[in-house]
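To start, the structure itself, in structure tokens.
A note on names: the letters A, B, ... follow the listed sequences, proteins ahead of strands, and every chain is numbered from 1.
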There are 2 protein chains.
Amino acid sequence: MQPDAYMSALKNRGYRATGKRREILSFLLDENRYVSAREIIDHMREKHPTLSLETVYRNLRTMQTEGIIEESRFKEGESKYRIACQTDHHHHYICIRCGRTLVIKHCPMPDLGRAPEGFTVLGHRFEVLGYCPDCRRSEPDPQDHMPEGR
Amino acid sequence: MQPDAYMSALKNRGYRATGKRREILSFLLDENRYVSAREIIDHMREKHPTLSLETVYRNLRTMQTEGIIEESRFKEGESKYRIACQTDHHHHYICIRCGRTLVIKHCPMPDLGRAPEGFTVLGHRFEVLGYCPDCRRSEPDPQDHMPEGR
DNA sequence: TTCGTTGCAAAGGATTTGCAGCGTA
DNA sequence: TACGCTGCAAATCCTTTGCAACGAA
């Protein structure tokens with residue numbers, strides 16, 4: 001899907017098609033991995049020197065509200081965001097170093113059977129964390145560590 | 001398992017058995033659900049007026065390092081912690097309102113087969129989020145919402 | 001006595017918000 | 001023109017840290 005398609009969708013929802021919004025969207029589409037607000041602005045400052053971090057955050061929030069992107073917090077401190085798949089439900093292998101992902105088609109939910117009596121399921125989260133082929137070969141980053149859970 | 005058992009374990013690791021540490025541990029054992037640092041100090045201030053939030057955070061970190069507790073971030077903003085099960089690996093249904101949990105014995109990892117070529121698996125995360133029987137009956141809290149993912 | 005622990009005050013870091021000017025529809 | 005969008009500065013919120021006094025071993 002191209003940036004324009006998303007921009008049209010946003011327009012239909014009452015948002016405006018600004019250049020900066022479009023660029024942020026393009027960047028997310030190009031990267032196709034989890035990136036932080038900081039990474040976004042750092043990578044985009046060359047071509048868009050006037051882009052501010054606030055604008056990045058505001059647009060991320062808008063796009064998240066609209067279901068265009070999804071957030072994860074596999075890295076301590078900051079959230080990371082990526083373009084959400086609009087078609088099929090799936091999960092990810094996620095590289096905790098670079099945010100790259102690999103698709104996991106299998107969803108564990110059907111295997112669970114019904115939820116415990118009285119529990120209302122609103123959502124679920126399944127992620128396999130580790131290093132992608134590229135990152136496991138590079139210097140270990142002291143910043144990297146397993147987040148909550150194992 | 002009782003607080004004393006954990007305290008002994010900590011002692012063997014070079015930490016000291018202080019009263020406040022023991023009380024925080026007791027509280028976590030009693031609650032047996034995900035609680036935030038803020039909840040811990042709020043609930044404990046009556047009996048321990050001199051307990052500080054910093055001490056709570058420092059102890060949480062220590063206990064997390066030692067594998068005694070586990071962290072999750074299903075609620076926006078703050079982390080929540082609970083006593084970790086020392087025996088069998090499992091996952092949880094988690095109430096996003098009160099942090100209560102129900103055990104999911106099934107782990108999706110064996111169903112995945114081997115990881116993609118070159119990907120080094122370090123850990124995984126599987127949580128089913130929603131409302132527990134008690135919380136779904138109460139006033140909806142505007143603070144509540146599905147975190148990242150669905 | 002030694003060294004981990006704690007409270008206080010302050011610092012950090014990520015994210016959000018008030019406001020006035022700008023840009024899209 | 002109307003109203004969403006943006007940058008700037010400042011504020012929040014959660015969490016961490018420096019330091020000196022305190023407490024466990």
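When rounded to the nearest whole Å, the span between CD1 of Ile40(B) and P of dT15(D) equals 10 Å. The OH-C1' distance, from Tyr15(A) to dG23(C), rounds to 18 Å in whole Å. Whole-Å rounding puts the Lys20(A) NZ to dC8(D) C1' distance at 12 Å. Between the NZ atom of Lys11(B) and the C1' atom of dC3(C) there is a distance of 15 Å, rounded to whole Å. Counting to the nearest Å, the C1' atom of dG23(D) and the CG atom of Leu51(B) are 16 Å from each other. In this structure, Arg13(B) atom CZ and dA25(D) atom P are separated by 17 Å, rounded to whole Å. Residue Gln64(B) contributes atom CD, which lies 11 Å from atom P of dT15(D) at whole-angstrom precision. Following rounding to the nearest Å, Ile41(B) (CD1) and dT6(C) (P) show an atom-to-atom distance of 12 Å.
For Ser52(B), no side-chain nitrogen or oxygen approaches OP1 or OP2 of dC8(C) to under 4.0 Å.
Mapped onto DNA chain C by nearest heavy atom, Arg16(B) and Thr50(B) fall at different nucleotides, with Arg16(B) at the one closer to the 5' end.
Taking 4.5 Å as the limit, every side-chain heavy atom of Thr101(B) sits out of range of all side-chain heavy atoms of Asn32(B).
Using a cutoff of 4.0 Å between basic side-chain nitrogens and carboxylate oxygens, Lys80(B) and Glu71(B) are not scored as salt-bridged. Between Glu70(B) and Arg125(B) no salt bridge is recorded (no basic side-chain N to carboxylate O distance below 4.0 Å). With respect to Arg97(A) and Asp134(A), no salt bridge is recorded, no charged nitrogen being found less than 4.0 Å from a carboxylate O. Salt bridge present: Glu39(A) and Arg33(A) bring a charged side-chain N and a carboxylate O closer than 4.0 Å.
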> Tell me, for nucleotides 15-22 of chain C in 5' to 3' order, what letter each nucleotide earns: B for a base near a protein heavy atom under 4.0 Å, S for only sugar-phosphate near one, - for neither?
Replying inline: BBBB----
> Do His43(B) and His48(B) pass the side chain to side chain donor-acceptor pair (under 3.5 Å) test, and can you show the C-alpha distance, the side-chain angles, and the key distance before you say yes or no?
Replying inline: CA-CA 9 Å; His43(B) 288 185; His48(B) 306 272; over 6 Å; no
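In this structure, Gly19(B) reaches neither bases nor backbone, as no heavy-atom distance under 4.0 Å exists between it and the strands shown.
The salt bridge (Lys or Arg N to Asp or Glu O under 4.0 Å) search around Glu78(B) returns none, not counting sequence neighbours.
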